[in-house]
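Working notes, structure below.
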Amino acid sequence: GWGVQVGKYLNVSVVNSAVPGKSSRSFTTQGYFNGMYNQVRSGDIVVIEFGHNEGGGAGKPQQGVCPGTSLTATCQFDGQTVYTYHKYMTDAVNTFKSKGARVIVSSQTPKNPFRDSSGTPIYVSYAQQVAQSTSVSYVDHFALTVKRYQQLGSGTVNAYFPQDNIHTNAAGADTVAQAFLRGVLCDSANPLRASVANTNVQPSTCPDCMLHRCV
């Protein structure tokens, strides 16, 4: 995915800890966050982006989350206690912050908008809410990627999705990586901003709605 491509635009090293098919829930319960906690040092920058696999409710094996935004509400599935996206994400952000890491919460990337009409997932706004409540930087990766896809047009974008409407090829991943970095550059307080070595990333302009100005 885009994590493989983003390093070539930065002047810092990138450790891509993404795992295919995971959600904020399974990344927590299966120990992937713990593995990152053990590696992260004070001053490191941590980007957290989830949303694609949370849907379906607690009954989605190992992935789905409880509905809503409560940090205390639970639901049960097959003897397991499940929490909300907000709970899993907030716990992760706060744990990284406790180690002195600088955290960026990024909204999920879109499906191919020319072949999928499902609109903006709820987890895009949820990601922004988590960023606000934990006082960390936010990148509207979803909006910026859609903006770039619209600029490129259906012919180019359809070619980015050779298997389905979710997973891109390398060229698509590069476009998605650039969209993330535009979000970084649009926020003067983003901790990664000073590390973007190539600022000629697309789209060339910021989204219409930035953190603390969205309604």
Side-chain angles (χ1 to χ4, degrees), residues 1 3 17-38 40 44-111 116-146 166 180 183 187 189-191 207-215:
S17 298
V19 181
K22 301 304 177 185
S23 68
S24 57
R25 172 187 166 194
S26 58
F27 216 79
T28 300
T29 60
Q30 295 177 15
Y32 293 105
F33 272 133
N34 279 334
M36 291 178 63
Y37 298 152
N38 293 333
V40 166
D44 286 349
I45 299 170
V46 178
V47 180
I48 307 177
E49 180 178 297
F50 284 100
H52 276 293
N53 298 306
E54 271 74 5
K60 185 177 180 182
Q62 303 299 321
Q63 308 286 17
V65 297
C66 299
T69 62
S70 172
L71 295 178
T72 58
T74 63
C75 48
Q76 299 290 320
F77 176 73
D78 198 22
Q80 302 176 59
T81 298
V82 181
Y83 297 90
T84 64
Y85 170 93
H86 274 61
K87 169 67 172 175
Y88 293 119
M89 290 287 287
T90 299
D91 284 354
V93 171
N94 286 336
T95 301
F96 284 121
K97 286 176 66 177
S98 73
K99 296 193 71 174
R102 296 168 290 168
V103 181
I104 302 167
V105 172
S106 180
S107 62
Q108 70 181 81
T109 56
K111 297 178 182 179
D116 182 272
S117 58
S118 57
T120 304
I122 189 65
Y123 297 100
V124 173
S125 62
Y126 281 2
Q128 183 183 16
Q129 291 170 31
V130 170
Q132 288 177 317
S133 66
T134 56
S135 301
V136 300
S137 291
Y138 172 68
V139 171
D140 194 344
H141 203 178
F142 186 94
L144 283 156
T145 304
V146 168
I166 300 175
F180 169 77
D187 178 7
N190 192 293
D208 296 329
C209 182
M210 293 293 288
L211 183 59
H212 303 310
R213 293 197 288 107
C214 298
V215 294

Tell me the closest heavy-atom pair linking [X] and [Y], and the distance in Å.
X   : Y   : answer
F33 : A92 : CZ-CB, 3.7 Å
S17 : F27 : O-CZ, 3.5 Å
V82 : G64 : CG1-O, 3.6 Å
Y88 : Y83 : OH-N, 3.0 Å
Q62 : T29 : OE1-OG1, 4.3 Å
S24 : T28 : O-OG1, 2.7 Å

Under the 3.5 angstrom rule, does the side chain of [X] hit a backbone N or O of [Y] as a donor-acceptor pair?
X   : Y   : answer
Q63 : G21 : yes
N38 : N34 : yes
K22 : Q30 : no
E54 : V65 : no

To the nearest 0.5 Å, how far apart are [atom1] in [X] and [atom2] in [Y]?
X    : Y    : atom1 : atom2 : result
T145 : K111 : OG1   : NZ    : 15.0 Å
D140 : Q108 : CG    : CD    : 10.5 Å
M89  : F50  : CE    : CZ    : 7.0 Å

How far apart are the C-alpha atoms of V139 and N190, what are their side-chain angles, what is the distance that settles it, and do they pass the side chain to side chain contact (heavy atoms under 4.5 Å, CB included) test?
-> CA-CA 9 Å; V139 171; N190 192 293; 3.8 Å; yes
Between S107 and E49, is any side-chain donor less than 3.5 angstrom from a side-chain acceptor?
-> no
Evaluation steps, side chain to side chain contact (heavy atoms under 4.5 Å, CB included), between T81 and Q76 = CA-CA 5 Å; T81 298; Q76 299 290 320; 3.0 Å; yes
With the side chain counted from C-beta on, respond yes when T134 and V103 share a heavy-atom pair under 4.5 Å apart, and no when they do not.
-> no
Derivation of the side chain to side chain contact (heavy atoms under 4.5 Å, CB included) call for T109 and H52 | CA-CA 8 Å; T109 56; H52 276 293; 3.1 Å; yes
Before giving the answer on side chain to side chain contact (heavy atoms under 4.5 Å, CB included), spell out for Q132 and Y138 the whole-Å C-alpha distance, their side-chain angles and the decisive distance to 0.1 Å.
-> CA-CA 8 Å; Q132 288 177 317; Y138 172 68; over 6 Å; no
For H86, all residues meeting side-chain contact (heavy atoms from CB on, under 4.5 Å), sequence neighbours excluded | T69, L71, T84, Y126, Q129, V130
